[in-house]
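Below, all heavy atoms of this structure are taken into account, side chains as well, without hydrogens, waters or symmetry copies. Residue numbers start from 1 in every chain, and the chains themselves are labelled A, B, ... in the order their sequence lines are given, proteins ahead of strands.
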Amino acid sequence: MDTAAVIENLKNYDGPELKLMEVCGTHTASIFKSGIRSMISPAIKLISGPGCPVCVTPAAYIDKCAGYAMKKDHILLTFGDMMKVPGTDGSLSDLKGRGASAELMYSPFEAVERAAAHPETMFVVAAVGFETTAPAYALAIEDAKVRGIKNLKFVTALKTVIPALSLICENQPDIDGFICPGHVSVIIGIRPYERLAAKYKKPFVIAGFEAEHILAVIYDIVRQTKKGEARAKNLYGNAVREQGNIKALDIIKKHFEEGPAMWRGLGIIDRSGLYLKNEGYFDGGSRGLDADIKLPGECRCKDVIVGRINPDECPMFSKGCRPDAPWGPCMVSGEGACGIWYRNRKA
Amino acid sequence: MCIAIPGKVLSLEGNKAKVDFSGNTVTVNTGLVDPRPGQYVLVHAGCAIEVMEKEKAEELLDIFADLEELR
Ligand code: SF4
């Protein structure tokens, strides 16, 4: 079956309304870019899930990073999107105006190099991410250890996707199937989704990032639902192996242990955080930072993240809340649902 | 932020590789994969996370360029 036939089929879908959740922010972006919603029947609803690790980072974590950035002889390094996430006292980028040293990095290896070159400065990495990014931090730490580098620290806020999906399945039983993230799955493989599919009796299908990939996955989920099937499948076979990346999984196990983690908007999810085992490079990260309830009053990130509402249903959307003046983290990140909807809204 | 971009391995040295991304050469950590020169790797945060089939990787380059625009 080619893409045209898939589209034809999805356009003419006339079964009961279906709600499919795309978990990954890059999928959300791709769905908008390629106009997939207009190619399929309105009875197939696509909703955006918890998508991006930056969007679910609690304000207390930003505050902790800001504390380092304000310290003498310290430089905080992080990925771009983190700079604009609001903390209690403004974002890292706001704080730069008040003397904070917060700079962009492209990879954790760059942090190791900078620490090696400037032993008088303490480099602090705000290490956010899902399973895709965790192994890179672990490799960087191994590199730093071998080289005897001491002026480097990791403040981690690393999270795993599967416990969040379980929570969504428990609380949102009306979601009929999941479009699973491609690059997280490169690391974790298909087994964790097989367990979810068996437990919650819903299809979980791994997708690549082209429109054709996503359409194929939607088609597969619709077909499974029609037939009453609930299987996990991998339709991103040129990148995702069934068993994931074993070396990456081993290095995650070697350096991290699981623990409860706070997801902005969702609350604390058991075993969804990865914390460095006690090594000199760890400062405790987001462990125990569970005081994050302070999303600004009207912000509905909580409902956006679990797909209960679309971003444009939030009363602040495009009014008080815009990418240049974000209220909630979902508006900040390049892969946050609110930001993507905003950039693609019809004027 | 879990985006990973495919690039072509030019050369290898220890656990590092020189990888070409449409004309830009970048040093990438290869601690998680065992690529050969000429193969494509999927790179995230300076780290190769998987080896890809050539044609598919090339096909993906366009869409990722498009997605960048949208950010
Ligand atoms: S539009 Fe802004 S205020 Fe509303 S849910 Fe999204 S981030 Fe929060």
How far does CD1 of B:I3 sit from SG of A:C24, to the nearest 0.5 angstrom?
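Atom-to-atom, B:I3:CD1 and A:C24:SG are 8.0 Å apart.
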
Rounded to the nearest 0.5 Å, what separation is found between the CG atom of B:L42 and the NE2 atom of A:H183?
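It comes to 4.0 Å.
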
Donor-acceptor pair, side chain of A:N245 and main chain of B:E50, under 3.5 angstrom:
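It does not hold such a pair.
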
Can a donor-acceptor pair be found, under 3.5 Å and without considering hydrogens, that links the side chain of A:N238 to the backbone of B:M52?
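Flag not set: sc A:N238 to bb B:M52 has no pair under 3.5 Å.
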
Closest non-hydrogen atom pair, [X] against [Y]:
X	Y	answer
A:P108	B:A45	CD-O, 3.5 Å
B:V51	A:R241	O-NH2, 4.1 Å
B:C47	A:L139	SG-CD1, 3.5 Å
A:A248	B:L32	CA-CD2, 3.7 Å
B:G46	A:F109	O-CE1, 3.3 Å

Show your reasoning for whether side-chain contact (heavy atoms from CB on, under 4.5 Å) applies to B:V33 and A:K247.
CA-CA 8 Å; B:V33 291; A:K247 278 191 184 173; over 6 Å; no

